[in-house]
Structure formats: C-alpha cells, structure tokens
J.: 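Next up is a structure, given as structure tokens.
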Amino acid sequence: RGGELVVRDISDMPDVSLPVYENCPEREREAVCTRLQAQMEPKSGIVMRAALFCNGEERRLFLAFHHYVIDEVSWDVILGDLDRLLSHETDFEKTVSFGEWSERLWAYHKSLDFLPEKTYWERCHEGIEQNKEIEQEWLSSYQGSGKKGFSSFVITLPAEASQRLSSIAKSKYRAKMDAFLLAALVYTIWEKDAVTAMSVQMESHGRGTLPGRVQHDGTVGWFTVRSC
C-alpha cells in the first residue's frame, strides 16, 4: 500500500464464501465466474474467489486467485491436493509455509553464506544502471530513424522437436531452454544493429534451494526470482 509492504493479521481478513449455483447454464456460469474474478481487490485483502456449480449429479468447483498470492507452480499443488481429497486421501506431507520460507530467505541474505552471491548481484545492478542510458538512447534513435520495427511472430515446435532440442541443450551445452531463448533474443537485437552491450533481467519461479533442509515443493505462494 503506497509502495510499502503491509502485513495484516489473518483475523482482519474477510471470510472466503462459497456460493452455490443450482442448474446454471454455461453462459450464465461464465458470467458468474467473470463477475467473481472482478471482485478481487488486493488492497482490501480480497485475493481469491470461489463458487460451486451444481447441475444434477455434476459438481464443478470454480477457484480464482490473484497472482499476488500464488504462482503457476502453485496451481499444480492445489489441483494435486484437490485430486487426492476427491480420492479420500487424508495423509498429506507438510511442507514449509510461505511465511517461513520468506523468513529463511531474509535471514539467508544477511548471512555470510550469501556474500559471494551478493557481490555478483551488486555487479549486475551496476551494469543495469550503466547500460540503461545507452539502451534508451539506442531505442530513441532507432524509433526515429524510420527503420522497420521489430516484428512479432509465433513458432510452435512439435513435441518431438522440442524434446530433441532440449536434449541437445543439456548434453552439448549444459544449458536449459531459457538460455536458448536468451541467445535468440540477443541474436535478434544484434541483427538490428543495436547496442553492443545490454542487460537482460529474467524472471523464474523462484523455488530455489536454501541452506538447510527446506521442503517447499508442496507449498502454495508467489515464489519469484530475477536473474541477469
């Protein structure tokens, strides 16, 4: 709120209701889901909405979460837990809470173990600041030159080709697919006679490892990390 992180007590949060809709036509069901999603308001602590649609013996559960509170990986966790509940499983392995993970991450950044990484990230931020002005000048001059802008296109690879490319990346270059995508971006900018030095920030799911045994593969939350 106002650029600051505000931690609120859970008792101050509004209860999550589960409205039930009987014999709701498909078009009306979609309209209900859209309306429920629009009601989310992070500033007020409303970050999820749910509804149950009943049509005879059919039951459909609608869940919507704001991205502030869960990431894409969390959906796999939630759907997996729901599937086990429907199978009447009750033995769930407890993993670290998102709050505990945050506390451990904060403690790690103050520890001696983080010093080598701290130096690296400080250099990254210095490079970003140094290149920012150069990149902005290039973008301004490029847009004002009348040259054809960057085109947008989509290429879809068959599963077999994707698996083969991934295998080559790992075995020959010891690289992940994000490295190949980054190489394609750099090559494209080079083709446009762009800057010779630039900084690229990449975001990933952020479920990295911390010192000690911290199990978070079954934790729901918004894990994220930036690299450059």
J.: Please tell me if the side chains of Val69 and Met48 come closer than 4.5 Å, counting only heavy atoms from C-beta onward.
T.: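 When only atoms from C-beta onward are counted, Met48 and Val69 do not touch, as no gap falls below 4.5 Å.
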J.: Do Leu18 and Met40 belong to the same hydrophobic cluster, where Ile, Leu, Val, Met, Phe, Trp and Tyr are linked whenever their side-chain heavy atoms lie under 4.5 Å apart, directly or via other members?
T.: no
J.: What is the ring orientation for His216 with Phe223, classed by angle as parallel under 30°, tilted 30 to 60°, or perpendicular over 60°?
T.: tilted
J.: Do Ile78 and Leu82 make a side-chain contact, defined as non-hydrogen atoms from C-beta onward lying under 4.5 Å apart?
T.: yes
J.: Just how far is it from atom OG of Ser111 to atom CH2 of Trp106, taken to the nearest 0.5 Å?
T.: 12.5 Å
J.: Which atom names give the shortest non-hydrogen contact between Ser74 and Ile70, and what distance separates them?
T.: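 Minimum heavy-atom separation between Ser74 and Ile70: CB-CB, 3.7 Å.
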J.: Could you tell me whether a side-chain N or O of Ser102 sits under 3.5 Å from a main-chain N or O of Phe98, the two making a donor and an acceptor?
T.: yes
J.: With rounding to the nearest 0.5 Å, note down the distance linking CZ in Arg60 to CG in Asn55.
T.: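 Separation between the atoms: 8.5 Å.
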J.: Hey, what do you get for CG (Asp76) to CG (Asp81), rounding to the nearest 0.5 Å?
T.: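 So the gap between those two atoms works out to 11.0 Å.
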J.: Is a salt bridge present between Glu100 and Arg104, judged by a nitrogen-to-oxygen distance below 4.0 Å?
T.: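 Yes, Glu100 and Arg104 are salt-bridged.
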J.: Among Gln37, Glu41, Arg35, whose side-chain contact (heavy atoms from CB on, under 4.5 Å) with Gln39 holds?
T.: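 So, applying the side-chain contact (heavy atoms from CB on, under 4.5 Å) to Gln39 and each of Gln37, Glu41, Arg35, only Arg35 qualifies.
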J.: Rounded to the nearest 0.5 Å, how far does CG of Leu52 lie from SG of Cys24?
T.: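 So the gap between those two atoms works out to 11.5 Å.
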J.: Rounded at 0.5 Å granularity, tell me how far CG in Leu105 sits from CZ in Phe114.
T.: 8.5 Å
J.: Please report the closest heavy-atom contact between Ala50 and Pro19, naming both atoms and the distance.
T.: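 The pair with the smallest heavy-atom distance is O-CD, 3.2 Å.
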J.: State yes or no: are the ring centers of Phe65 and Trp75 separated by less than 6.0 Å?
T.: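 Judged by ring-centre distance (under 6.0 Å), Phe65 and Trp75 do meet the cut-off.
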J.: Return yes when atom CD of Glu93 has more than 12 non-hydrogen atoms of other residues, nucleotides or ligands closer than 6.0 Å, and no otherwise.
T.: no
J.: Are side-chain heavy atoms of Gln215 and Lys94 found at a separation under 4.5 Å?
T.: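 No, every pair of side-chain atoms sits at 4.5 Å or beyond.
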J.: Just wondering, do Arg84 and Phe92 contact through their side chains at under 4.5 Å, heavy atoms?
T.: yes
J.: Are Val220 and Leu63 connected, step by step, through hydrophobic side chains (Ile, Leu, Val, Met, Phe, Trp, Tyr) whose heavy atoms are closer than 4.5 Å?
T.: yes
J.: Find out whether Glu122 and Lys118 are in side-chain contact, i.e. whether some heavy atom of one side chain is under 4.5 Å from a heavy atom of the other.
T.: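 Heavy-atom side-chain distance check passes, below 4.5 Å.
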J.: Are the side chain of Arg59 and the backbone of Gly56 linked by a donor-acceptor contact shorter than 3.5 Å?
T.: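 Looks like yes, one N/O pair under 3.5 Å.
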J.: Verify the cluster assignment for Val32 and Phe62: are they in a single hydrophobic cluster under the rule of side-chain heavy atoms below 4.5 Å apart?
T.: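 As far as the 4.5 Å side-chain criterion goes, Phe62 and Val32 are connected within one cluster.
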J.: I want to check something: taking the side chain as every heavy atom from C-beta on, are Glu129 and Glu126 in contact at a cut-off of under 4.5 Å?
T.: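 The answer is no, as the side chains (C-beta and beyond) never meet within the 4.5 Å cut-off.
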J.: From Trp222 CH2 over to Glu72 CD, what is the distance, rounded to the nearest 0.5 angstrom?
T.: 14.0 Å
J.: So, Tyr108 and Glu117: side-chain donor and acceptor under 3.5 Å apart, yes or no?
T.: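 Their side chains do contain a donor-acceptor pair, which is all the 3.5 Å distance test asks for.
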J.: Verify, without hydrogens or angle tests, whether Ser166 (side chain) and Ser162 (backbone) share a donor-acceptor contact under 3.5 angstrom.
T.: no
J.: Can you name the one residue among Val77, Val73, Val96 that meets side-chain contact (heavy atoms from CB on, under 4.5 Å) with Thr219?
T.: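 Between Thr219 and the candidates, side-chain contact (heavy atoms from CB on, under 4.5 Å) is satisfied uniquely by Val96.
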J.: For a quick test of reading the model, state the closest non-hydrogen atom pair linking Leu36 to Ala51 and the distance between them.
T.: CD1-CB, 3.6 Å
